[in-house]
Asker: 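One structure follows; several queries about it will come next.
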Protein chains: 2
Amino acid sequence: MNAISHKIIRETLLERIQSGEWELGELIPNEEELAEEFGCARTTVNRALRALAEEGIVIRKRKGGTRVCELPKREAKFEIPIVRQQVEATGAVYRHKIVCRESKKPPISVSTRLHLGADEKALYLEALHLADERPFAFEMRWVNPAAVPHIEEEKFDTISVNEWLIKSVPFSSGDVSFSAVNADCDIADALDVTEGSALFLVDRTTWYDQSFITTLKLYYNQGFKFYSKL
Amino acid sequence: MNAISHKIIRETLLERIQSGEWELGELIPNEEELAEEFGCARTTVNRALRALAEEGIVIRKRKGGTRVCELPKREAKFEIPIVRQQVEATGAVYRHKIVCRESKKPPISVSTRLHLGADEKALYLEALHLADERPFAFEMRWVNPAAVPHIEEEKFDTISVNEWLIKSVPFSSGDVSFSAVNADCDIADALDVTEGSALFLVDRTTWYDQSFITTLKLYYNQGFKFYSKL
DNA sequence: TAGTGGTCTAGACCACTCA
DNA sequence: GAGTGGTCTAGACCACTAT
């Protein structure tokens with residue numbers, strides 16, 4: 001292909017920015033000028049600049065032109081993986097065990113999150129994720145039974161709750177928080193660590209449309225880390 | 001505008017996928033067919049589908065066509081913010097204090113990370129980040145002085161080390177890990193918490209081109225959380 | 001080999017926003 | 001008001017890959 005690709009343009013511009021050829025906050029040439037320089041259509045330059053804008057490298061404004069970002073933001077993307085995949089990625093054999101399963105009235109903090117009435121019951125599950133039969137993570141989860149009625153029929157002996165939910169309600173939204181907590185007595189017991197150990201906690205709530213599906217706390221065993229590139 | 005926008009197409013297709021009109025893994029119509037259905041150019045459909053592919057909703061293959069993703073991945077994007085911004089976002093007043101600053105031989109774990117010779121010195125800094133004069137986070141950092149020579153002249157009385165580095169080396173790459181640790185004696189002391197408290201640790205290393213810039217451990221005080229949308 | 005997505009072009013009009 | 005990016009079109013050729 002003779003034509004100049006948007007990838008090459010993006011890379012070239014990125015190098016100029018990184019090398020300091022353009023200062024932070026400085027206006028860079030407009031699309032038409034760059035198109036002329038690269039000898040390509042404006043559309044192609046547009047695509048390259050749009051990519052840089054999505055990455056937070058430049059800021060674009062109509063009439064205002066395109067500027068190098070003043071305070072480049074650093075973003076880390078974490079995939080929220082299925083625990084099974086995390087375990088298998090380490091080369092270990094994955095297994096999970098439902099420790100507790102009952103239908104009961106959730107505490108207020110949960111019933112508000114799941115948008116349940118004060119007297120409505122929800123499904124409560126505790127599960128232990130094992131890597132080579134050693135505790136890897138402990139999960140405490142509430143499910144809104146109205147959102148996924150068929151869950152009553154599922155045993156979860158071959159598939160984890162999370163994987164089942166992903167398949168049943170594949171494109172839900174949600175929010176998530178990461179934090180550090182000291183293991184209380186129960187969790188220390190489940191994960192076979194001493195009480196007070198620092199554990200990595202992922203707290204996640206998901207919903208689809210207006211209907212809340214599940215909220216869970218996932219306690220990873222000691223030493224667990226989330227990695228990412230910047 | 002009469003023309004159908006790529007955003008509307010993206011939304012429409014997303015609704016069909018979410019509603020289950022197309023199964024997981026199912027082949028969806030090709031670009032030309034969709035263009036005809038929406039009465040627009042193929043380019044426009046292409047842009048909508050490309051967006052869905054970037055979001056991990058569909059998978060596209062030449063000749064293979066476009067399919068709904070089998071196992072939709074969940075991604076969480078975290079901005080790695082400047083601590084000052086984190087503090088100010090809570091409404092508190094930010095201040096930081098350099099607790100320690102010296103040039104010395106780093107431990108091997110650091111000198112390998114920074115690609116330093118065994119006998120080379122590096123700049124070591126400890127800093128405390130305060131929110132309304134209460135400890136918010138404690139930072140232990142090594143800087144490769146060869147990568148940023150002017151750092152010797154900087155006092156860091158008005159600007160934090162991180163902000164200074166971002167301005168000096170704006171578009172560096174890096175990696176980062178999140179984990180949970182029990183506070184050791186020194187850190188507990190610095191953050192004014194009891195020893196053994198669970199702390200959220202961000203461990204980050206950045207470089208530019210081939211040259212390593214800095215590696216740091218940032219211990220957030222108890223109760224700190226990272227939030228994100230899924 | 002044939003079918004699909006990937007990309008580029010040249011031109012057009014629009015929408016926003018700065019001065 | 002004028003300059004910039006935002007987007008759409010219609011057409012073309014290419015690159016990959018499933019069959």
Side-chain angles (χ1 to χ4, degrees), chain A residues 1-17 21-73, chain B residues 1-17 21-73:
Chain A
M1 191 78 177
N2 259 348
I4 292 237
S5 101
H6 62 96
K7 286 181 187 170
I8 292 176
I9 296 178
R10 180 194 157 280
E11 246 174 71
T12 309
L13 296 177
L14 184 55
E15 273 168 28
R16 289 189 194 169
I17 290 168
E21 187 170 328
W22 290 316
E23 299 287 326
L24 293 191
E26 187 177 336
L27 201 60
I28 76 178
N30 69 26
E31 296 189 347
E32 208 165 350
E33 287 163 345
L34 289 171
E36 197 175 351
E37 181 197 330
F38 288 105
C40 68
R42 181 164 79 92
T43 320
T44 308
V45 172
N46 178 281
R47 183 156 173 195
L49 286 173
R50 213 164 5 97
L52 289 173
E54 274 168 18
E55 294 167 60
I57 311 280
V58 301
I59 296 191
R60 320 194 70 199
K61 273 188 203 158
R62 281 155 154 146
K63 163 82 177 178
T66 302
R67 292 171 182 280
V68 179
C69 229
E70 285 277 7
L71 207 65
K73 45 176 170 172
Chain B
M1 192 81 173
N2 259 347
I4 292 232
S5 102
H6 63 96
K7 287 183 186 169
I8 292 175
I9 296 178
R10 181 194 157 280
E11 247 174 70
T12 309
L13 296 177
L14 183 56
E15 273 167 28
R16 290 188 194 169
I17 290 169
E21 187 170 329
W22 291 315
E23 299 289 324
L24 294 192
E26 187 176 337
L27 200 60
I28 77 178
N30 68 26
E31 296 190 344
E32 208 165 350
E33 288 164 345
L34 289 170
E36 197 176 350
E37 182 198 329
F38 288 105
C40 68
R42 179 165 79 91
T43 321
T44 308
V45 173
N46 177 281
R47 181 155 175 193
L49 286 173
R50 212 163 7 96
L52 289 173
E54 274 168 19
E55 295 168 58
I57 312 281
V58 300
I59 295 190
R60 321 195 68 199
K61 276 186 200 158
R62 282 156 153 146
K63 163 82 176 178
T66 302
R67 293 172 181 280
V68 179
C69 228
E70 284 278 6
L71 208 65
K73 44 176 172 172

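Keep in mind that this is a model prediction, so the values were computed, not measured. To find a chain, count down the sequence lines: A is the first, B the second, and so on, and within it residues start at 1.
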Asker: Counting only side-chain nitrogens and oxygens, does A:Asn46 get under 4.0 Å of the OP1 or OP2 atom of D:dG5?
Answerer: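 The answer is no; no side-chain N or O of A:Asn46 sits under 4.0 Å from OP1 or OP2.
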
Asker: From the options D:dT7, C:dG11, D:dG5, select the nucleotide whose nearest atom is closest to the side chain of B:His6.
Answerer: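 For the B:His6 side chain, the nearest candidate turns out to be D:dT7.
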
Asker: For the residue pair A:Val58 and A:Leu13, establish whether any side-chain heavy-atom pair is separated by less than 4.5 Å.
Answerer: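 When only atoms from C-beta onward are counted, A:Leu13 and A:Val58 do not touch, as no gap falls below 4.5 Å.
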
Asker: Suppose we call a contact any N or O donor and acceptor under 3.5 Å apart; does that hold for the side chain of B:Arg42 and the base of C:dT7?
Answerer: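 Indeed there is one.
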
Asker: State whether A:Arg50 places a side-chain N or O below 4.0 Å from either non-bridging phosphate oxygen (OP1 or OP2) of D:dG6.
Answerer: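 Looking at the OP1 and OP2 atoms of D:dG6, neither is under 4.0 Å from any side-chain N or O of A:Arg50.
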
Asker: I'd like to know if A:Glu31 pairs up with A:Arg50 as an ion pair, taking the criterion as any Lys NZ or Arg NE/NH1/NH2 lying under 4.0 Å from an Asp or Glu carboxylate oxygen.
Answerer: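 Salt bridge: no.
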
Asker: Which nucleotide in the list C:dT17, C:dG6, D:dA18 gets nearest to the side chain of A:Lys63?
Answerer: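 Nucleotide nearest to A:Lys63's side chain: C:dT17.
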
Asker: Within this structure, what is the CZ-to-C1' distance between A:Arg60 and D:dT7, rounded to whole angstrom?
Answerer: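 For the pair A:Arg60 CZ and D:dT7 C1', the rounded distance is 12 Å.
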
Asker: Measure CG/B:Leu34 against P/C:dG6 and give the value in whole Å, please.
Answerer: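 After rounding, the reported distance stands at 13 Å.
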
Asker: Flag the pair A:Val45 / A:Cys40 as yes when at least one side-chain heavy-atom distance between them is below 4.5 Å, and no otherwise.
Answerer: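 A:Val45 reaches A:Cys40 side chain to side chain.
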
Asker: In whole angstrom, give the distance that lies between atom CZ of A:Arg67 and atom P of C:dT17.
Answerer: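 These atoms are roughly 15 Å apart.
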
Asker: Could you please name the option among D:dA18, C:dC18, D:dT9 that lies closest to any side-chain atom of B:Lys61?
Answerer: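 Of D:dA18, C:dC18, D:dT9, D:dA18 is nearest to the side chain of B:Lys61.
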
Asker: Return the value, rounded to whole Å, for the distance between atom CD1 of B:Ile8 and atom P of D:dC8.
Answerer: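 One finds 9 Å between P of D:dC8 and CD1 of B:Ile8, rounded.
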
Asker: Any side-chain heavy atom of B:Leu34 sitting closer than 4.5 Å to one from B:Ile9?
Answerer: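 No, side chains not in contact.
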
Asker: Name the residue closer to the 5' end of DNA chain C, choosing between A:Ala41 and A:Gly64 according to the nucleotide with the nearest heavy atom.
Answerer: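 Residue closer to the 5' terminus by nearest nucleotide: A:Ala41.
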
Asker: Which nucleotide, D:dT4, D:dA18, C:dT9, lies nearest any side-chain atom of A:Arg62?
Answerer: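 The answer is D:dT4.
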
Asker: Taking atom C1' of C:dG3 as reference, at what distance in whole Å does atom CD of B:Glu31 sit?
Answerer: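 It is 12 Å, rounded to the nearest whole Å.
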
Asker: Please report the distance, rounded to the nearest Å, between CZ in A:Arg10 and P in C:dT7.
Answerer: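 Checked: the CZ to P distance equals 13 Å.
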
Asker: With rounding to the nearest 0.5 angstrom, report the OG1 to CG distance, B:Thr66 to B:Asn46.
Answerer: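 Going from the OG1 atom of B:Thr66 to the CG atom of B:Asn46 covers 9.0 Å.
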
Asker: Rounded to whole Å, please give me the gap between CG in A:Asn30 and P in C:dT17.
Answerer: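 So the CG-P distance, A:Asn30 to C:dT17, works out to 18 Å.
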
Asker: Does C:dC8 have OP1 or OP2 sitting under 4.0 Å from an N or O in the side chain of A:Ser5?
Answerer: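 Checking A:Ser5 against C:dC8: at least one side-chain N or O falls below 4.0 Å of OP1 or OP2.
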
Asker: Determine whether a donor-acceptor pair (one donor, one acceptor, N or O, separation below 3.5 Å) exists between the side chain of A:Arg47 and the base of D:dG6.
Answerer: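 Side chain to base: no pair below 3.5 Å.
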
Asker: Distance check needed: C:dG5 P versus B:Glu33 CD, whole Å only.
Answerer: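 After rounding, the gap between these two atoms is 8 Å.
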
Asker: Just to confirm, is there a sub-4.0 Å distance from OP1 or OP2 of D:dT7 to any side-chain nitrogen or oxygen of B:Thr44?
Answerer: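 Negative; the distance criterion is not met.
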
Asker: Think B:Thr66 has a side-chain N or O under 4.0 angstrom from the OP1 or OP2 of C:dG5?
Answerer: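 Yes, because at least one side-chain N or O of B:Thr66 sits under 4.0 Å from OP1 or OP2 of C:dG5.
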
